[in-house]
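Working notes for the structure below.
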Number of protein chains: 4
Amino acid sequence: MEMLSPERSPRWERRKERRPAELLAAALDCFVERGFAATRLDDVAARAGVSKGTLYLYYAGKDELFMAVVRENIIPLIDEFRREVTVSSASSAELLRRFLLGWWARVGETKLAGIAKLIVAEAGNFPDVARFFHDEVTLPNHQLLAGIIERGMRSGEFRAIDAEASAQLFLSPLVLRAIWNHSIQPCCADICPISNERMLTAHIDMVLRGLIIQAADPT
Amino acid sequence: MEMLSPERSPRWERRKERRPAELLAAALDCFVERGFAATRLDDVAARAGVSKGTLYLYYAGKDELFMAVVRENIIPLIDEFRREVTVSSASSAELLRRFLLGWWARVGETKLAGIAKLIVAEAGNFPDVARFFHDEVTLPNHQLLAGIIERGMRSGEFRAIDAEASAQLFLSPLVLRAIWNHSIQPCCADICPISNERMLTAHIDMVLRGLIIQAADPT
Amino acid sequence: MEMLSPERSPRWERRKERRPAELLAAALDCFVERGFAATRLDDVAARAGVSKGTLYLYYAGKDELFMAVVRENIIPLIDEFRREVTVSSASSAELLRRFLLGWWARVGETKLAGIAKLIVAEAGNFPDVARFFHDEVTLPNHQLLAGIIERGMRSGEFRAIDAEASAQLFLSPLVLRAIWNHSIQPCCADICPISNERMLTAHIDMVLRGLIIQAADPT
Amino acid sequence: MEMLSPERSPRWERRKERRPAELLAAALDCFVERGFAATRLDDVAARAGVSKGTLYLYYAGKDELFMAVVRENIIPLIDEFRREVTVSSASSAELLRRFLLGWWARVGETKLAGIAKLIVAEAGNFPDVARFFHDEVTLPNHQLLAGIIERGMRSGEFRAIDAEASAQLFLSPLVLRAIWNHSIQPCCADICPISNERMLTAHIDMVLRGLIIQAADPT
DNA sequence: GATGAATGAGTCTTCATTCAT
DNA sequence: TATGAATGAAGACTCATTCAT
């Protein structure tokens, strides 16, 4: 490999621009896997391919790193929620379906799921972060979903239900599965449980079945 | 000193018997609140009202203590699952309702909910524990629920659905809420979210509505 | 040595009462020798014959230890100043002589001299400590001495001089020598400079000669 | 860019020549303020307006820098001592007065006073430097002063005293004040103590009064 | 059994020093 | 020559664990 290369590879590279993202990615993985306290900065650094000291060039300490991990990953999500003003001519059932599938695609299946697990696990030690997450992520998300449900009720498409509570209920299986995938699932990889898709399909079926007002039910 | 006492310090004795339970309770609280790594044995001991050294008279170390916390809390639960052979003449809908309400009463509302949160948070560091929990708690629980659903389908009370997946789905909101109550909820105490009861009611309504085959729906 | 001793010596001893004094003594030596920053807590612990962790059972950290070293050594000194109300029928010259000899015996020759050196060296990093030292040690000391000088002037024994300034001047050689003995002197041990006694004698002679009003000077 | 410039960037060049002096000045300030160990090279560099790496272009390391600071500041002083062969027709009292005033003007009031404080503080960590200072600065200085005193004794102007010891004694208040001004004085700026001038005046008065043989004392 | 003083391995954090740019 | 990103050894501090009392 290196035979033809006259210059030997340098001991390290200057990557000021990319470092933060690399460090945050490494830190997220470690924090999700082991939790805040059990994560050693040595491990984060090693996973990011730098020395421990380099971490401190970018983040003031372990706490700062944790906050940054959460903040940097969540902010794009928040922005997306803001943009997602569901003006559409689709049926409310279709909107609901799309919302759940969309949430899974954009959150449940991505590393953001790890963030959710992380925050649940560390809420006791980082109440500010937990609060931030709740106010900026959970609540808006629920409100968006509740809005869809209410639209369906107003249009007569859905029967009358507790929209606020239902927003939580409808999201629960997805959130729990997202968390599960980053905690217990890796320990039980051999068991081959119900797949994400199967879960999603069954859930959407169940939700719509319980919601839609139909003349007759031929099933 | 002790000469006149026929039974040697009965108060000591009684204490000695209670100690393990007191220590486990204190440890559970600490572990749930802060996580395994961030919990100091000093804190556990202080919360149990003993000195740090005393802990080691009952548990060999931090890991042992953790395992014991999980084991001791879970075993009664497992036993209960085993006993709960649902032979009943009630309708499947009624059984389902009872199961969910029962789970909430016997798990969701108790300190066992904390165990769930703890295991989710520490699965990465204690895969054996996570696996044990999955095999002995989660799976039997799901099977029990799936059994009820299948009974309802066989009897023509419920429509045909994916019973295995649905068992997970139906339990998800309860499990997530249980976890939530031990992590983010305490940080957002002022917000007064949807109450546990309201959530339960809406959920059971939704589930049964999506499940039961009805001639007409007068709602 | 240990041959006849059936019991082997324990790995460590319980010495709750004596530890603080032992630690402070060790810390004082290290701080005076090397300065605050260059002193490693490992060294302090080793010199006190304990492990590093033990230090933290008694002092919250390096800063606390430093403060304690200064405080504990200075407080007895302050108390002594307070008690030393020089009511005496001796001549003012005799009082002055006694004061200087006394200062040397009680401060200059003792480990308190090291404290003076330490504070001079670390004033920049511990301004509060420096201020405390100035207010509680330096000033009272100067005032005591100035009082003696003023008494001598009032009684006609001393000529009229700037008593405040002279108090500082008269103490300077002693203070500087005390500091010197803990900094440069150890590096130049072979040079055999003027001894402390010779310095003291010459100083007292000089001071009294410049102060006392005499009919004639037969020297 | 530089095409039209016949001499290649003269500003750079001039800078390059000044750099060492700028660095030494910055280092002196930092070392005096905080001590050797507590001084970060980052701070020195920042105070000199260069980057940390640049320091290493001029000095091999922190120790080297420290030595250079001491050496560069002291050498001119030593040279001056050598030149100062006190051949004068003035009275010995006048010479003595000039020496003390001169020392204060040339050392006590300048940044060299900081050097004295620095060496006192760091003697334990840099015995070689302390020794150098003692041999090349302190001793010659004392010898010079002792020479003046001896001249006065030989000429019958001064009474017979311990010239060697007195040389130290006479310089002590100035040295101590010089050190003080760089350590404790800044912490007690509000207290407005005796001014340097008042101290000097009182001291010279005291010294001469104790030294000169006078027929009568008209004071 | 109970205690808590003592220990020391493990981590976070700092900073002198190096070196790619 | 100048820079400052990167390094890694050193040192403060914590805490699970041991053990003298």
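With contacts defined as side-chain heavy-atom distances shorter than 4.5 Å, the pair D/Lys62/D/Leu41 qualifies.
The pair A/Arg47-A/Glu33 meets the salt-bridge criterion, since a charged nitrogen lies less than 4.0 angstrom from a carboxylate oxygen. D/Asp43 and D/Arg40 are joined by a salt bridge, as a carboxylate oxygen and a charged side-chain nitrogen come within less than 4.0 angstrom of each other. Taking a cutoff of 4.0 Å between a charged side-chain nitrogen and a carboxylate oxygen, C/Arg34 and D/Glu122 do not qualify as a salt bridge. Salt bridge status for A/Glu13 with A/Arg19: absent, with no side-chain N to carboxylate O gap under 4.0 Å.
Between A/Arg14 and E/dT21 there is no side-chain N or O to OP1 or OP2 distance below 4.0 Å. At F/dC15, none of the side-chain N or O atoms of C/Tyr56 fall inside 4.0 Å of OP1 or OP2 (strictly under the cut-off). The phosphate of E/dA2 has neither OP1 nor OP2 within less than 4.0 Å of any side-chain N or O from B/Ser51. Residue A/Arg15 places none of its side-chain N or O atoms closer than 4.0 Å to OP1 or OP2 of F/dA6.
If you find the closest nucleotide of DNA chain E to D/Ala38 and to D/Ala60, the one lying nearer the 5' end belongs to D/Ala38. Each of C/Gly53 and A/Asp63 was assigned the nucleotide of DNA chain E with the nearest heavy atom; the assignment lying further toward the 5' end belongs to C/Gly53. Positionally, the nearest nucleotide of DNA chain F for A/Val50 lies more toward the 5' end than for the other of A/Val50 and C/Asp42. Annotation: of the two residues near DNA chain F, D/Leu55 and B/Thr39, the 5′-most nearest-nucleotide partner is D/Leu55.
Of the candidate nucleotides F/dT7, E/dT7, F/dA16, F/dA16 has the atom lying nearest to any side-chain atom of B/Lys62. The A/Trp12 side chain lies nearest to F/dT7 when the options are F/dT7, F/dA16, E/dA16. The side chain of A/Arg19 has F/dA6 as its nearest neighbour among F/dA6, E/dC12, F/dT7. When each of E/dG10, F/dT17, F/dG8 is scored by its nearest atom to the side-chain atoms of C/Lys52, the top-ranked nucleotide is E/dG10. When each of F/dA6, E/dA2, E/dC12 is scored by its nearest atom to the side-chain atoms of A/Tyr58, the top-ranked nucleotide is F/dA6. Picking from F/dT3, E/dC15, F/dA5 the nucleotide with the shortest atom distance to the side chain of D/Arg40 gives E/dC15.
To the nearest angstrom, P of E/dA5 lies 10 Å from CD of C/Glu17. Taking atom CZ of residue B/Phe36 and atom P of nucleotide F/dC15, one finds them 13 Å apart after rounding to whole Å. Separating the CG atom of C/Leu41 from the P atom of E/dT11 is a distance of 20 Å, rounded to the nearest angstrom. The distance between atom CZ of A/Arg11 and atom P of E/dT17, rounded to the nearest whole Å, is 15 Å. The nearest whole Å value for the distance from the CG atom in B/Asp43 to the C1' atom in F/dT14 is 12 Å.
Counting any heavy atom pair closer than 4.0 Å across all strands shown, A/Tyr59 reaches no nucleic acid atom. Looking at heavy-atom distances under 4.0 Å, D/Leu57 makes contact with a base.
Base pairing of F/dT21 is made with E/dA2, judged by Watson-Crick or G-U wobble geometry with both donor-acceptor distances under 3.5 Å.
Within the 6.0 Å centre-distance limit, the rings of C/Phe36 and C/Phe126 are counted as a close aromatic pair.
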